[in-house]
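These notes are about the structure you will find just below.
Only a predicted model underlies this, so the values are computations on that prediction, with no experimental measurement involved.
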Amino acid sequence: MMNIEQLNKNYKIGEQVVFAEGEGGLPFIHVRNDKASALISVYAGQVLAYRPQSIQDDLLFLSKRAYYQAGKAIKGGVPICWPWFGPDPEGRGRPAHGFMRNCMWDIVEVSATPEGNTRIVLGSTDTEETQSIWSRSFVLRLEITIGDTLNLELVTRNSGSQACTVTQAFHTYFSVGDIRQTHVSGLENTRYIDKVDDNLEKNQTGSVTIDAEVDRIYQSVGSNLVIHDTARKRRIHITSKGNRTAVVWNPWAKISAEMADLEDDDYLRFICVETTNAATDRVHIQPGSEFRLIANYRIEQD
């Protein structure tokens with residue numbers, strides 16, 4: 001486990017960036033600048049909370065029952081799915097959504113920008129352990145910028161001698177006042193794979209609303225989506241780059257009740273709108289090259 005005192009000695013910036021022991025004894029990064037506050041777990045490289053100073057409610061949903069222990073994913077915030085999205089693509093029993101959401105990341109950079117933002121860069125490279133799971137050499141970086149918006153950039157560099165292929169996602173849990181008063185625009189007339197209905201391909205008519213379990217991979221998506229959180233009179237703008245797919249997920253009542261790390265009615269309080277390279281949207285990276293997946297989140301309040 002990382003030494004909190006040493007982390008603060010190396011990276012603390014006044015009261016703007018402070019390291020502290022969080023849930024489960026995990027190292028957390030508390031960020032507070034003039035524009036916004038955020039909470040980041042070094043384990044899983046996961047943003048757990050983000051709120052602009054002018055906004056009352058957090059952008060992100062974080063389950064009160066979330067696990068904070070080695071080998072377990074944290075339910076909420078922005079889990080990083082990498083180097084594959086969904087089940088093990090080779091059917092070898094490896095963890096769903098890859099291994100980066102279940103391990104400790106490194107601190108690469110902590111800085112305050114001239115614009116008044118806070119920049120946190122977390123990273124990871126291949127080890128004997130990762131090679132036993134996925135036999136590729138890599139340098140992975142998560143660049144987090146906290147300001148008027150939350151900006152995330154996941155950078156994969158192929159440091160090996162052969163091409164590699166990844167699928168990946170920002171598996172973002174957005175907090176909403178009431179899922180029954182929530183809809184997503186920007187996916188109208190878009191084809192999607194319906195994972196709840198035998199992976200049938202369908203066409204989205206109108207905006208996306210949730211009144212049952214939803215698990216869809218939208219294809220050939222645009223770069224701008226909006227979550228209309230009517231109960232809180234706000235809109236969450238998602239601007240992305242580097243992806244051709246997006247996933248919309250809500251487990252609804254039955255699955256929410258069956259998940260030990262969710263409250264029974266938590267499905268009413270979040271929607272996942274994920275910036276992804278999923279299904280046929282696979283990323284091929286040549287040796288010495290890198291690929292950047294970007295998501296920017298902005299809250300617009302009435």
Side-chain touch [X]/[Y], heavy atoms, less than 4.5 angstrom:
{"X": "W105", "Y": "I80", "result": "yes"}
{"X": "F19", "Y": "I107", "result": "yes"}
{"X": "S137", "Y": "Q131", "result": "yes"}
{"X": "N203", "Y": "N189", "result": "yes"}
{"X": "R141", "Y": "E290", "result": "no"}
{"X": "I74", "Y": "E23", "result": "no"}
{"X": "P27", "Y": "L7", "result": "yes"}
{"X": "L60", "Y": "L48", "result": "no"}

**OP:** Classify the ring geometry between F99 and W134 as parallel (under 30°), tilted (30 to 60°) or perpendicular (over 60°).
**Re:**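 It falls in the tilted class, 30° to 60°.
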Original post:
Taking the inter-plane angle between the rings of F85 and H97 on a 0 to 90° scale, is it parallel (under 30°), tilted (30 to 60°) or perpendicular (over 60°)?
Top reply: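 Taking H97 first and then F85, their aromatic rings sit tilted (interplane angle of 30° to 60°).
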Subject >> With K35, the side-chain contact (heavy atoms from CB on, under 4.5 Å) member among D148, I146, T118 >> reply: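 With K35 as partner, side-chain contact (heavy atoms from CB on, under 4.5 Å) holds for just one option, D148.
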Original post:
So, does D178 use its side chain to make a donor-acceptor pair with the main chain of A231 at under 3.5 Å?
Top reply: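 No: the side chain of D178 does not pair with the backbone of A231.
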Should the heavy atoms of other residues, nucleotides or ligands under 6.0 Å from [atom1] of [X] be counted, would the total exceed 12?
{"X": "E115", "atom1": "CD", "result": "yes"}
{"X": "R191", "atom1": "CZ", "result": "yes"}
{"X": "D34", "atom1": "CG", "result": "no"}

Can you see whether [X] engages [Y] through a side-chain donor-acceptor pair at a distance of less than 3.5 angstrom?
{"X": "Q301", "Y": "S54", "result": "no"}
{"X": "N33", "Y": "Q16", "result": "no"}
{"X": "N296", "Y": "T149", "result": "yes"}
{"X": "T276", "Y": "T245", "result": "yes"}
{"X": "Y68", "Y": "S41", "result": "no"}

Are [X] and [Y] ion-paired here, with the side-chain N under 4.0 Å from a carboxylate O?
{"X": "E263", "Y": "R65", "result": "yes"}
{"X": "D302", "Y": "K233", "result": "no"}
{"X": "K202", "Y": "D197", "result": "yes"}
{"X": "E213", "Y": "K254", "result": "no"}

**OP:** Consider only side-chain heavy atoms of I, L, V, M, F, W and Y, link residues closer than 4.5 Å, and tell whether V226 and V214 are in one cluster.
**Re:**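 No.
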**OP:** Name all residues meeting the ring pair (Phe, Tyr, Trp, His ring centres under 6.0 Å) criterion together with F270; count only those two or more places apart in sequence or in a different chain, and write none if there are none.
**Re:**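 Counting only residues at least two positions away or on another chain, F270 forms a ring pair (Phe, Tyr, Trp, His ring centres under 6.0 Å) with F61, Y173, W249.
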Original post:
So N243 and N277, side chain to side chain donor-acceptor pair (under 3.5 Å) or not? Walk me through it.
Top reply: CA-CA 5 Å; N243 65 307; N277 301 116; over 6 Å; no
Original post:
Does the side chain to side chain donor-acceptor pair (under 3.5 Å) test come out yes or no for E129 and T127, once each step is laid out?
Top reply: CA-CA 5 Å; E129 184 179 1; T127 63; 5.0 Å; no
